Amino acid sequence: MEIKIHDLYKTLLSHFGKQGWWPAEDKFEVIVGAILTQNTAWKNVEKAIDRLKKEKVLSLDGILNIEREVLKELIKPSGFYNQKADRLKSFVEYIDKNYKGNLNLFLHRDTNKVREELLSLNGIGLETADSILLYAGDHAIFVVDAYTRRLCKRLPLLKGMDCDDYESIRKKIERELKRKIKDEKELVKIYKEFHALIVKLAKTYCKKKPVCKKCPLMKKCSFGGV
DNA sequence: ACCCAGGTGGCCC
DNA sequence: GGGCCACATGGG
């Protein structure tokens, strides 16, 4: 049996409730978190963010002016700290140089323009770019991560599509949801919530075992669990 | 002593 | 255009 994407969203929402992503105080914190969480447990990212806050450098100017070696030391708990320090530095330098350090000026423009620019920056790939677009910029872009990809492989919800291709999954999910949701603001809200729910699902039921008997989607899966 | 975590870029074929 | 690999810390 095939699961409709919107039904899957509804099922997850009623099962887990609203997730309220992204957990951050402002746009800049979302961006820092998006870079720091690359292949890293969120718990470790929190430690790094707390340290940046404590040093009062969790701002565009803060990261711009802090010495690279000091920055590395502060974000150490989040791992890959050499490259992540470079990535944070190159991002704030880019915004400073091209947008007078004004994040809103950068974010609030044509979606594809912003996306292209993000992708041109060092260390910002598809998922990080889309996380920033959706959660910091409120653009209607769905974020695909490793969990989403895994879900696509295990659920017959995206039949006939390439589950290894990021863009293919993103566009399919966006198409399906756009068909159902006409209001742009509502769409953005659902993209935010849906991605968070997929992460929640994976963390709750699929930590180790690829197929979990406790999974709430069992009944709807032709093969028994995600 | 493994394996995993809200990825990305570089190199190889 | 896909298949490896390094990147690093902390928790199970």
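Fair warning: this is a prediction, and the values are worked out from it, not measured in the lab. Side chains are part of it too, since the values below use all heavy atoms of this structure and drop only hydrogens, waters and symmetry mates. All chains are named by letter (A, B, ...) in the order of the sequence lines, taking the proteins before the strands, and each is independently numbered beginning at 1.
- Taking atom NZ on A:Lys84 and atom P on B:dA5, their separation rounds to 14 Å, with Å as the unit.
- Spacing between B:dG6 and C:dG2 at atom P, rounded to whole Å, works out to 26 Å.
- Annotation: B:dG10 and C:dA8 have their P atoms spaced 14 Å apart (nearest Å).
- Relative to the six-membered ring of A:Tyr81, A:Lys76 meets both conditions, a distance below 6.0 Å and an angle of at most 45° to the axis.
- With rounding to whole Å, A:Asn44 atom CG is found 18 Å from C:dC7 atom P.
- For the pair A:Thr11 (side chain) and A:Asp7 (backbone), a donor-acceptor distance under 3.5 Å is present.
- As rounded to whole Å, 12 Å separates atom P of C:dG11 from atom CD of A:Glu46.
- Of the side-chain N and O atoms in A:Lys47, none sit less than 4.0 angstrom from OP1 or OP2 of B:dA5.
- Look at A:Asp138 and A:Lys185 and you find no salt bridge, because none of the NZ, NE, NH1 or NH2 atoms lies under 4.0 Å from a carboxylate O.
- Note on residues 29-57 of chain A: pairs passing ring-ring contact (aromatic ring centres under 6.0 Å, His included), not counting sequence neighbours, are A:Trp22-A:Trp42.
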- Given protein heavy atoms under 4.0 Å, the one-letter contact record of nucleotides 6-13 of chain B, with B base, S sugar-phosphate only and - none, is simply BBSS----
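- For the pair A:Leu36 CG and C:dC7 P, the interatomic distance rounds to 19 Å; values are reported in whole Å.
- Other residues, nucleotides and ligands contribute over 12 non-hydrogen atoms within 6.0 Å of the CD atom of A:Glu167.
- When the side-chain nitrogen and oxygen atoms of A:Tyr81 are compared with OP1 and OP2 of C:dC7, none of them lie within a distance under 4.0 Å.
- Backbone-only contact: A:Asn82 has heavy atoms under 4.0 Å from sugar-phosphate atoms and none from a base.
- Rounded to an integer number of Å, the gap from NZ of A:Lys76 to P of C:dC7 is 15 Å.
- The pair A:Glu93-A:Lys89 does not meet the salt-bridge criterion, since no charged nitrogen lies less than 4.0 angstrom from a carboxylate oxygen.
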